[in-house]
Amino acid sequence: MHEERMTNQEIASVFREMAAYLDMENVQFKPRAYEKVAYTLESLDESVSETARIGGISALIKIPGIGRGIAQHILDLVKDGHFTEHDHFKKAIPVKVLDLMKVSGLGPKMIKVLWKELQIRDLTDLETAAKAGRIRRLPRFGEKSEQKILKGLEFVKKAEGRRLLGFILPEVRGLEKVIAAYPEALQVEIAGSIRRRRETIGDIDILVSTSNPDGVIDRFLNLSLIDHVYGKGPTKINVRLKNGLDADLRIVPEESFGAALCYFTGSKQHNIRLREIAVKKGWKLNEYGLYEGDRLIAGRTESGIYMALGLSYVDPELREDLGEIDAARTRNLPALIGYGDLKGDLQIQTDWTDGANTIEEMADAAEATGLEYIAITDHTKSLPMTGGSDEKKLRNQITAVQTLNRKLKLKKRKITILTGAEVNIMKDGSLDIDDEVLAELDVVGAAVHHHFDLPRDEQTQRVVRAMENPNVDILFHPTSRAIHRRAPIELDVDAIIEAAGRTGTILEIDASPERLDLKDEYIRKCVEAGVRMCIDSDAHATTEFSFLEFGIAQARRGWATRKDIINTLPVKRFLASLKKG
DNA sequence: GCCGTTTTCGGCCCGACTGTTTTCAGTCG
């Protein structure tokens, strides 16, 4: 057995490289099969190495896009770290093709020419050749291609990768407002992965309908936040913004807005499925509409297109080709939890520990965002850097909350403050606060904040033990991941979900933009298992209740309905449904 | 290489834009 378990990303990279090699060799169709598998693996959270190790070929071919051929490659990768066909290509084409493809405008075919003619094998070779003016002399290359490559190299060097949705969305909404204010703009929508509310986004897709494309284009190109224009035509502009993000502006006539929105929202795999359905009916679907020959069947609205294809409308958050097409065909799509459906927020820190605001300030802010109740869940004593509470401090806080609740009631305010804590799960699964005090709190959340690197079995047993404590209502940010910063702890999530169902423990969807924990895939497993979840802001300041939106988005991506999320209940019914209620 | 209530063989989504060309291949989404 190969010692280092390969991650899904690593395996996906190997298959992306296979696709590129095959493209370089002009092989038909196979590259698309490898690309599709790579895409699937990149957004799959279960470890495909584990799946291979435990279930073998029969388990692997259950994953869409994986057949016997690729399943065998995965088995070889997991066992030996490589497989024959890939080794063959690596030897025959000793080029860092994935690196070179990061340069905008370079694909397998052009890379092949660069390698054959100029022996370019990596980004350094490419830069040297471009600066020496050697690329412009190649067939079908020219001075402009060379300049484009140099510009592309510059961007590769300062590429920052995908950004967190929660940090970029406010800025994007600002841009949307600016464009919507153009007198020529009829409809404006941000599409792409932002509209699907993926946790990270790679670029900004903006769709505009207008009867005056030139007017919109002129105004857009004059925006001061544009750094560089990659390309522009009468209906499409690609730019790099000064904040380092790429943006695509697409312009369509009003009667095509729905078709264009659908096309531009993606995901790519979802769109391909829609087009296949159209083809089977003898029709054609593109960004201008759904056509039978030249006759337009639908195009003005997205719902019109889905309806014509015999499907229910699919919410953007579900458009990942993860079963939503079949569910739409058989009218089995869930009625997703709505963005205004939360009545409570069950994880909030205050200035009693590492929060920025007082309990009362947090209560005011929560009420202003439309919430009816909040739980104050400051950290506990084994996190001394946060000033975590001990038993005595917690009892003082209970008294303070009771006093504040009385005061708010006299003022006829609607908000209710619940007492609580975010207690630490110790290495052995015990908690750092006495059960006697925990029993006095309304809402107890337990969380892993240290010993992140325990082996999977030990980590799982540790967390399950905490969940078995009758005072623990919620498991906060269950996998303790921090996107781009810290990997999730090794956890048997199926075992955690089973334990949640057995013990009545609620699993949290922490809405903080860099946590989003549980993530969509696990949320969907909870929904299928009938395990209840809650969505919390994890706010450390009054401004952070806005995070709730991203938790709801993640829940929607996990197919959750209102009944799956316990803090959509009014406060009394919420309390009654807790373990001790 | 994958996939299948029209198929286990024969298909495989669709169009805009660029750069280099005189009609299109390559790239991108």
**Student:** Round to a whole Å and report the spacing from OH of A/Y230 to P of B/dT18.
**Tutor:** 14 Å
**Student:** Within the sub-3.5 Å range, which N or O atoms of nucleotides 1-5 of chain B have a protein N or O partner, and how far apart are they?
**Tutor:**
| residue | atom | partner | partner atom | Å |
| --- | --- | --- | --- | --- |
| B/dG1 | OP2 | A/K30 | NZ | 3.1 |
| B/dC2 | OP1 | A/G67 | N | 2.5 |
| B/dC2 | OP1 | A/G67 | O | 3.2 |
| B/dC2 | OP1 | A/I70 | N | 3.1 |
| B/dC2 | OP2 | A/G69 | N | 3.3 |
| B/dC3 | OP1 | A/G65 | N | 2.7 |

**Student:** Is the phosphate of B/dC13 approached by A/N271 (side-chain N or O, under 4.0 Å from OP1 or OP2)?
**Tutor:** no
**Student:** For the C1' atoms, the ones on B/dC2 and on B/dC13, what distance do you get once it is rounded to whole angstrom?
**Tutor:** 16 Å
**Student:** In terms of side-chain heavy atoms of A/R140, which of B/dC14, B/dT6, B/dC24 is nearest?
**Tutor:** B/dC24
**Student:** Tell me the interatomic distance from A/D321, atom CG, to B/dG29, atom P, rounded to whole angstroms.
**Tutor:** 20 Å
**Student:** State plainly whether the residues A/R32 and A/D23 are in salt-bridge range, i.e. N to O under 4.0 Å.
**Tutor:** yes
**Student:** Does the ring centre of A/Y230 sit less than 6.0 Å away from the ring centre of A/F155?
**Tutor:** yes
**Student:** Could you measure between the two C1' atoms, the one in B/dT21 and the one in B/dG26, and give it in whole Å?
**Tutor:** 13 Å
**Student:** Counting only N and O atoms by type, is there a donor-acceptor contact under 3.5 Å from the side chain of A/N8 to the main-chain atoms of A/V48?
**Tutor:** yes
**Student:** Below 3.5 Å, can you tabulate the donor-acceptor pairs from side chains in residues 167-179 of chain A to any protein atom, sequence neighbours excluded?
**Tutor:**
| residue | atom | partner | partner atom | Å |
| --- | --- | --- | --- | --- |
| A/E171 | OE2 | A/N243 | ND2 | 2.5 |
| A/R173 | NH1 | A/E549 | OE1 | 3.3 |
| A/R173 | NH2 | A/E549 | OE2 | 2.6 |

**Student:** Counting the atoms with a prime plus P, OP1 and OP2 as sugar-phosphate, which does A/P108 contact under 4.0 Å by heavy atoms, base, sugar-phosphate, or nothing?
**Tutor:** sugar-phosphate
**Student:** Reckon A/K284 has a side-chain N or O less than 4.0 Å from the OP1 or OP2 of B/dG15?
**Tutor:** yes
**Student:** For atom P, what is the distance between B/dC28 and B/dT23, given to the nearest Å?
**Tutor:** 25 Å
**Student:** Using the P atoms only, state how far B/dA16 lies from B/dG11, rounded to an integer number of Å.
**Tutor:** 26 Å
**Student:** Quick one: A/I135 CD1 to B/dT18 P, roughly how many Å, whole number?
**Tutor:** 20 Å
**Student:** Does any donor atom in the side chain of A/D564 or A/T561 lie under 3.5 Å from an acceptor atom in the other side chain?
**Tutor:** yes
**Student:** Return yes when atom NZ of A/K116 has more than 12 non-hydrogen atoms of other residues, nucleotides or ligands closer than 6.0 Å, and no otherwise.
**Tutor:** no
**Student:** Do A/E521 and A/K525 sit within salt-bridge range, that is, some charged N less than 4.0 Å from a carboxylate O?
**Tutor:** no
**Student:** Rounded to whole Å, please give me the gap between NZ in A/K268 and C1' in B/dT27.
**Tutor:** 10 Å
**Student:** I want to confirm an ordering. Mapping A/D205 and A/I272 to their closest nucleotides on DNA chain B, which one lands closer to the 5' end?
**Tutor:** A/I272
**Student:** Expressed in angstrom and rounded to an integer, what is the separation of A/H270 atom NE2 from B/dC14 atom P?
**Tutor:** 15 Å
**Student:** Under a 3.5 Å cut-off for both contacts, is B/dG29 paired Watson-Crick or G-U wobble with anything, and if yes, with which nucleotide?
**Tutor:** B/dC14
**Student:** Tell me which of A/R275 and A/G231 sits closer to the 5' end of DNA chain B, going by the nucleotide each one is nearest to.
**Tutor:** A/R275
**Student:** To the nearest angstrom, how far is A/N26 atom CG from B/dT27 atom P?
**Tutor:** 10 Å
**Student:** Write down the distance between CG (A/D248) and C1' (B/dG15), rounded to a whole number of angstrom.
**Tutor:** 14 Å
**Student:** For the pair made of CD1 in A/I277 and P in B/dC12, what is the distance, rounded to whole Å?
**Tutor:** 16 Å
**Student:** So, OP1 or OP2 of B/dT20: does either fall under 4.0 Å of a side-chain N or O from A/S145?
**Tutor:** yes
